[in-house]
Amino acid sequence: MKAARLLPKSAPLVLLAASDREVIMKPAAFDYERPQTLDDALKLLASSDNAKIIAGGQSLMPMLNFRLLAPELLVDISRIDELRGIRETKGRGLSVGALTRHHEMETSKLVEERFPVIHEAMQYVAHLAIRNRGTIGGSLSHADPAAELPMMAVLLDAHLHVAGPNGLRQVAARDFFLGALTTDLEENEILVQVEFPGLPKRSAYAFDEFAQRSGDFALCSVAVILSWSGNFLTGGKKIGDVRIALMGVDETPVRIEVAEQLLSGAKHIDDPLLEQVASVIRDTIQPNGDLHASADYRRHLAYTMSQQTLKTAWQRLQGQTDED
Amino acid sequence: MSNLKTISLTVNGEKVVRQVEPRLLLADFLRNELNLTGTHIGCEHGICGACTLLVNGDSVRSCLTLAIQVDGAEVTTVEAHGKPDSMSVVQEKFQQCHGLQCGFCTPGMLATAEDLLNKYPLVTEEDIREGLSGNICRCTGYQNIVDAVAAARDEVRSQ
């Protein structure tokens, strides 16, 4: 196909006078810098009282368009190469650079092999156009109560690596999310990497999410990891490590430890036990009601989806017995 | 505003250098600075999908992207998908299946369909519907849009 000339040849394209152009600007005015290194980014961040970081911009841009935020300075970290990439760590873990895009995470063979639960959860993140640009670091720092990545971090006991003026520090995922859109990050800090420690060898997962439209924020989501412990040869095997995380039912993603403890040590999971665990989950969460679903409805979803998700994980875990 | 920055990018195969305010959205840049009004603006906060176009081959919401963020990138708008006498496969199928009524959502649908076809097998109708779920059509002509993408898939896969 012959490439047609698609731009007009001559220049007088600006139909509006400069003063009128103000009208079409959605965000309030800001300065913009695009540092090439983390050090420069931190310095820029410290140089202003009202600076914001932008990478993919898929959470920040709507807020700028609505003028919910009006930063003085936008620090675009999207070209800082040291913040990119998915790497293997010791003990079958993975470390994910903050600039990793959702679509990269969704299609990474490493992620699929080591953390199939993340692979599955990524299919539920918004729409392809958002996943193409949105970053892992952005989703974690934005901390929407109904976002999948923060939930995965909490489920998998991830460590978040944060860079600031005084160097690097690590925060456990469960201490990182403080409330809706609120994290442990200081104004002058940047989330640079998230580290997912490896899972026990014989473990199984299940994930489910309910939203009104595919790709919308979840009304309720449940993720489960079950692992075997004990000696397979002597018949002493029982459920060891248990993780149950829910999202969309509180200000932050939550782990339900009382429910986890009910399953840990069990040799078998039957329907009455599932019902008991699901009831505990339903009675432990503290969902808010909103336009999309009442608190009671979210509790009901949590109850039903927990049973189904645990059942799936248990069936998969039983399938693990004969291997190895 | 005086904090203008120079950006240089490729739009539909042509090099473009312009001075922009950092807060200028890519969608507004294309429409108002380059007169490329094929990119439609609907909700302006990433929900409706009308402004979806391709940046370096990936579908992207141009209302959730600053022009300055695509400095150095290659942007493809609906104006470059094809021409009336040489339409892209996806455009051809939209025409054959009557995949549009008013046409407002179509540029975004086309860009989304192109990217979906590149990245996913789209085996079932459900896959197509889920893939298109970020693009809203207020004529609600979804059935024909889904048919068009399925027809494009069959054509592309058979080649």
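Everything quoted here is computed from the prediction, not taken from an experiment. So that the names make sense, note that chain A is the first sequence line, chain B the second, and so on, each numbered from 1.
Contact of A:I54 with chain B is made through the side chain alone, with heavy-atom distances under 4.5 Å. When heavy atoms are compared at a cutoff of 4.5 Å, A:D76 approaches chain B solely by way of its side chain, counted from C-beta outward. Within the 4.5 angstrom heavy-atom criterion, only side-chain atoms of B:T52, from C-beta onward, approach chain A. Residue contact with chain B, scored on non-hydrogen atoms closer than 4.5 Å, is absent for A:L60. For B:L132, no part lies under 4.5 angstrom from a heavy atom of chain A. Both the backbone and the side chain of B:L116 come within contact range of chain A, with heavy atoms under 4.5 Å apart.
Residues of residues 131-149 of chain A placed with any heavy atom under 4.5 Å of a heavy atom in chain B are listed by number as A:R131, A:N132, A:R133. Among the residues in residues 121-129 of chain A, those with a non-hydrogen atom closer than 4.5 angstrom to a non-hydrogen atom of chain B are A:H127, A:L128, A:A129.
Under 4.0 Å is where a charged nitrogen must lie from a carboxylate oxygen, and between A:K109 and A:E113 no such pair does. With respect to the salt-bridge test (charged N to carboxylate O, under 4.0 angstrom), the residues B:E130 and A:R213 do not qualify. Taking 4.0 Å as the cut-off between side-chain N and carboxylate O, B:D28 and B:R31 do not count as a salt-bridged pair. A salt bridge links A:R298 with A:D290; the closest basic N to acidic carboxylate O contact falls under 4.0 Å. Using a cut-off of 4.0 Å between Lys/Arg side-chain N and Asp/Glu carboxylate O, A:K43 and A:D39 are scored as not salt-bridged.
In terms of heavy-atom pairs under 4.5 angstrom with chain A, the leader among B:T112, B:I68, B:L54 is B:I68.
The CG atom of B:N12 sits 3.5 Å away from the OG1 atom of B:T77 when rounded to the nearest 0.5 Å. Atoms CD1 and CG, from B:I128 and B:L122 in turn, are 5.5 Å apart once rounded to the nearest 0.5 Å. Distance CG/B:N35 to CG/B:L30: 11.0 Å, rounded to 0.5 Å.
At distances below 3.5 Å, not a single donor-acceptor pair connects side-chain atoms of A:T304 with backbone N or O atoms of A:L301.
Counting only heavy atoms from C-beta outward, the side chains of B:V75 and B:V60 never approach each other to under 4.5 Å.
Remark: B:F104 pairs with B:H40 by the ring-ring contact (aromatic ring centres under 6.0 Å, His included) rule, at least two apart or across chains.
The residue from B:D71, B:L66, B:V17, B:L24 that alone fulfils the side chain to side chain contact (heavy atoms under 4.5 Å, CB included) condition with B:I7 is B:D71.
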Taking distance alone, no hydrogens or angles, what donor-acceptor pairs closer than 3.5 Å link side-chain atoms of residues 92-99 of chain B to residues at least two apart or in another chain?
{"residue": "B:K93", "atom": "NZ", "partner": "B:Q96", "partner atom": "OE1", "Å": "3.3"}
{"residue": "B:K93", "atom": "NZ", "partner": "B:E155", "partner atom": "OE1", "Å": "3.1"}

